[in-house]
Amino acid sequence: MRQPEAAAAWLRTTTAVRERAAELLARARRGDSEFFTIGDGSTLDDAAREVVQATQARYAWRPIPYHSRWRHFEAGGVDRSAELDRLLGDHATPRMRAQARIDLAVVSVLLDAGAGADWSYHESASDQRFSRSEGLAVASFHAFTAGLFSSDPDHPLQADAAGLRGLVADRLAQAFQVRADNPLVGLDGRVTLLRRLGEVLAEQPQVFGTEVQRPGGLFDMLIAPEGVEVPPTATVQVHDILTLLLESLSAIWPTGNYLHREPTALPGPGESGLALGDCWQHSGVGGDGHTKGWVPFHKLSQWLTYSLIEPFEWAGVKVEGLDALTGLPEYRNGGLLLDAGVIVPRDAALLARSWQVADEFIVEWRALTVALLDELAPLVRKHLGRDADAMPLACVLEGGTWAAGRATAERLRGGLPPLRIDSDGTVF
């Protein structure tokens, strides 16, 4: 029987994500799922061809980049990463640039939950309007460069503990152009998440900095302490980035999902214990001791990890083991699999009602998405004539599954996802 701390540590690994997802996929294929059946192999191949088509349309003549928040910062053909470099100035060292990019990526990803169909952001500099993920990215970029998340007017290009703890909904709403006729779903939840981030940063100076606590302290923790030169051969495992994020930031997630000190037949949320974050219960999942019944995803943490790969690489650090991360179980990837007939609801009415994130229907759909993305990726590579080294999962997603899911949703429902989830802005 796993001890609570060991169980929590295991549930924070992508090994656990994959194992529990594969368990629910095998169960559905046996016909034991209450909610879903799985289409035959032809449906998965059809989905792969949709992904290939999207990939060729987007990246026919250039390398496929990683699925990352930095793609959204490029919305409208504007190189906002270069703009951040310009604002940082010539005096900024690679470490300083990495820290600023990490700060930006962390706050932007935490703000990157579903925006809703009625919200958009107008960028005055380019005179372009952006919605959904791109809009949230562009809005968060300008909020960051304006110093919204910094407590120091002399150093606006950072997110620090004091600045985040002092964030109020009115200021974020103003920065994101939220009005009665431009509503943003889950605004209060996003503010709560960033304020919680500020609290966590302040509580862990050993990770995030002793003088000013910033997400960028992750670079120093993983690569080299402040004052120590970054080795020219510096490397980091991508799962080590994720592990540090999950260990240090788990308390920010207001899901109420905790691992109890005493195991039960099926652990339930409680008022104390070890915070698990994006980890949910499903009665069809086994496991021993404290891990029984839990299905982990860590979607936003993994999305953040994908988005931190480039800041580390741009600072000269080699990031290894990219395929340790899983596919992301959200609207676009999971929506593609529903729309392609790979994941099939037993009753069409299941897609017509609204669900909570914790409902077993949603937990299972997300798990099936993770497991099936691992089966989809080799098919996509085969059609494109690429191997896993040339096209890791991060590039399959970007090429890719996310874009194909969005295109399919646009074609079938004007961009809306195939199912409805009540969101507070902290999971999707």
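These values consider heavy atoms only, across backbone and side chains, with no hydrogens, waters or symmetry-generated copies. On a predicted model such as this, the values are computed, not experimentally measured, just so you know.
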Participant: Is a donor on one side and an acceptor on the other found under 3.5 Å between the side chain of Trp10 and the backbone of Thr15?
Facilitator: no
Participant: Between Trp355 and Leu419 (side chain of the first, backbone of the second, donor and acceptor by atom type, cut-off under 3.5 Å), is there such a pair?
Facilitator: no
Participant: Distance from Leu25 atom CG to Arg30 atom CZ, nearest 0.5 Å?
Facilitator: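 Answer for the CG-CZ pair, Leu25 versus Arg30, is 10.0 Å.
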Participant: Is it true that the side chains of Arg346 and Ser33 contain a donor and an acceptor less than 3.5 Å apart?
Facilitator: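 There is no such pair (donor and acceptor under 3.5 Å, judged by atom type) between the side chains of Arg346 and Ser33.
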Participant: At what distance, to the nearest 0.5 angstrom, does CG of Leu222 lie from OG1 of Thr235?
Facilitator: 11.0 Å
Participant: Compare all side-chain heavy atoms of Ser68 with those of Phe73 and state whether any distance is below 4.5 angstrom.
Facilitator: no
Participant: From Leu193 CG over to Asp188 CG, what is the distance, rounded to the nearest 0.5 angstrom?
Facilitator: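 Leu193 CG to Asp188 CG: 12.5 Å, rounded to 0.5 Å.
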Participant: Begin with the C-alpha distance, continue with both residues' side-chain angles, and end with the deciding distance and a verdict on salt bridge (Lys or Arg N to Asp or Glu O under 4.0 Å) for Glu375 and Arg29.
Facilitator: CA-CA 14 Å; Glu375 296 185 4; Arg29 281 182 166 144; 2.8 Å; yes
Participant: Can you tell me if Gln53 has over 12 outside heavy atoms packed within less than 6.0 Å of its CD?
Facilitator: no
Participant: If the threshold is 4.0 Å, N to carboxylate O, is there a salt bridge linking Arg196 and Glu199?
Facilitator: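 No, Arg196 and Glu199 are not salt-bridged.
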Participant: Under the rule for side-chain hydrogen bond (donor to acceptor under 3.5 Å, both in side chains), what residues qualify as partners of Ser120, not counting sequence neighbours?
Facilitator: Arg129
Participant: Going through the distances and angles, do Ile362 and Trp280 end up as a side chain to side chain contact (heavy atoms under 4.5 Å, CB included)?
Facilitator: CA-CA 10 Å; Ile362 297 301; Trp280 308 89; over 6 Å; no
Participant: What's the separation between atom CD in Gln3 and atom NE2 in His290, rounded to the nearest 0.5 Å?
Facilitator: 7.0 Å
Participant: Identify the heavy atoms of Val52 and His383 that sit nearest to each other, and give their distance.
Facilitator: CG2-CB, 3.5 Å
Participant: According to the side-chain hydrogen bond (donor to acceptor under 3.5 Å, both in side chains) rule, which pairs have a member within residues 398-408, sequence neighbours left out?
Facilitator: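 Residue pairs with at least one partner in residues 398-408: Arg58-Glu398, Tyr59-Glu398, His67-Glu398, Glu134-Arg406, Asn333-Thr401.
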Participant: With a 4.5 Å limit on heavy-atom distance, are the side chains of Ile421 and Asp359 in contact?
Facilitator: no
Participant: Do Trp294 and Gln281 have side chains that approach each other closer than 4.5 Å (heavy atoms only, starting at C-beta)?
Facilitator: yes
Participant: Walk me through whether Arg95 and Ile223 qualify under side chain to side chain contact (heavy atoms under 4.5 Å, CB included).
Facilitator: CA-CA 10 Å; Arg95 181 196 297 269; Ile223 306 303; over 6 Å; no
Participant: Testing the basics here: between Thr43 and Val342, what is the closest heavy-atom pair and its distance to 0.1 Å?
Facilitator: O-CG2, 3.5 Å
Participant: So, the side chain of Trp70 versus the backbone of Ser307: is there a donor-acceptor pair under 3.5 Å, distance only?
Facilitator: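 Yes: the side chain of Trp70 pairs with the backbone of Ser307.
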Participant: Testing the basics here: between Thr369 and Leu328, what is the closest heavy-atom pair and its distance to 0.1 Å?
Facilitator: CG2-O, 4.2 Å
Participant: Which is it for Glu74 and Arg71 under the salt bridge (Lys or Arg N to Asp or Glu O under 4.0 Å) test, yes or no, and what are the steps along the way?
Facilitator: CA-CA 5 Å; Glu74 298 163 357; Arg71 305 292 77 75; 3.1 Å; yes
Participant: Between the main-chain N or O of Ala105 and the side-chain N or O of Arg69, is there a donor-acceptor pair closer than 3.5 Å?
Facilitator: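 Flag not set: sc Arg69 to bb Ala105 has no pair under 3.5 Å.
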Participant: Counting distance only, does the side-chain N/O of Ser108 pair as donor-acceptor with the main-chain N or O of Leu104 below 3.5 Å?
Facilitator: no
Participant: Without swapping roles, check the side chain of Trp365 against the backbone of Gly334 for a donor-acceptor pair under 3.5 Å.
Facilitator: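 It does hold such a pair.
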Participant: Given side chain to side chain contact (heavy atoms under 4.5 Å, CB included), test Leu351 with Phe361 step by step and report yes or no.
Facilitator: CA-CA 10 Å; Leu351 300 181; Phe361 176 80; 4.1 Å; yes
Participant: Rounded to the nearest 0.5 Å, how far apart are CG of Leu242 and OH of Tyr306?
Facilitator: 10.0 Å
Participant: Considering residues at least two apart in sequence or located in another chain, which fulfil the side chain to side chain contact (heavy atoms under 4.5 Å, CB included) criterion with Gln177?
Facilitator: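 Partners of Gln177 under the side chain to side chain contact (heavy atoms under 4.5 Å, CB included) test: Tyr121, His122, Arg179, Asn182.
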Participant: Flag the pair His282 / Glu23 as yes when at least one side-chain heavy-atom distance between them is below 4.5 Å, and no otherwise.
Facilitator: no
Participant: When you compare the side chain of Trp119 with that of Val185, does any pair of heavy atoms fall below 4.5 Å?
Facilitator: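 No, every pair of side-chain atoms sits at 4.5 Å or beyond.
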Participant: What's the shortest heavy-atom distance between Lys299 and Pro329, and which atoms?
Facilitator: CG-CD, 3.9 Å
Participant: Ignoring hydrogens and angles, tell me if any N or O in the side chain of Arg101 forms a donor-acceptor pair with the backbone of Leu84 under 3.5 Å.
Facilitator: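 Pair absent, no side-chain N/O of Arg101 close to backbone of Leu84.
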Participant: Between Arg381 (side chain only) and Met391 (backbone N and O only), is there a donor and an acceptor less than 3.5 Å apart?
Facilitator: yes
Participant: Could you pull out every donor-acceptor pair under 3.5 Å between side chains of residues 315-327 and any protein atom, sequence neighbours left out?
Facilitator:
residue : atom : partner : partner atom : Å
Glu320  : OE1  : Gln237  : NE2          : 2.8
Asp323  : OD1  : Leu393  : N            : 2.7
Thr326  : OG1  : Gln302  : NE2          : 2.9

Participant: Just jot down the side chain to side chain contact (heavy atoms under 4.5 Å, CB included) partners of Gln204, sequence neighbours excluded, or say none.
Facilitator: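 Once residues adjacent in sequence are excluded, the partners of Gln204 under the side chain to side chain contact (heavy atoms under 4.5 Å, CB included) criterion are Val200, Gln206, Val207, Phe208, Ser248.
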Participant: Looking only at non-hydrogen atoms, find the nearest pair between Leu201 and Gln213 and report the distance.
Facilitator: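 Minimum heavy-atom separation between Leu201 and Gln213: O-CG, 3.2 Å.
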Participant: Run the side chain to side chain contact (heavy atoms under 4.5 Å, CB included) test against Pro418 and tell me which residues pass, sequence neighbours left out.
Facilitator: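 Here the qualifying residues are Leu338, Asp339, Arg413.
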Participant: Write down the atom of Val344, the atom of Gly39, and the distance for their closest heavy-atom approach.
Facilitator: CG2-N, 4.3 Å
Participant: Test side chain to side chain contact (heavy atoms under 4.5 Å, CB included) on Leu336 and Val51 and set out the steps.
Facilitator: CA-CA 9 Å; Leu336 171 67; Val51 175; 3.7 Å; yes
Participant: Is the side chain of Asp103 donor-acceptor paired with the backbone N or O of Ala159 at a distance under 3.5 Å, no angle test?
Facilitator: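 Here the side-chain-to-backbone pair exists.
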Participant: Tell me, with the steps shown, if Arg80 and Glu83 meet salt bridge (Lys or Arg N to Asp or Glu O under 4.0 Å).
Facilitator: CA-CA 5 Å; Arg80 296 178 185 83; Glu83 173 65 9; over 6 Å; no
Participant: With the side chain counted from C-beta on, respond yes when Leu376 and Leu373 share a heavy-atom pair under 4.5 Å apart, and no when they do not.
Facilitator: yes
Participant: Tell me whether His298 contacts the main-chain N or O of Leu11 through its side chain, where contact means a donor paired with an acceptor under 3.5 Å.
Facilitator: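 The answer is yes, because a donor-acceptor pair under 3.5 Å joins these two groups.
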Participant: So, do Leu136 and His72 sit near enough that their side-chain heavy atoms are less than 4.5 Å apart?
Facilitator: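 Counting from C-beta outward, Leu136 and His72 never come under 4.5 Å.
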Participant: Taking the side chain as C-beta and beyond, is there a heavy-atom pair between Ile241 and Leu218 under 4.5 Å?
Facilitator: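 Ile241 does not reach Leu218 side chain to side chain.
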Participant: Can you tell me how far OG1 of Thr243 sits from CZ of Arg12, rounded to the nearest 0.5 angstrom?
Facilitator: 10.0 Å
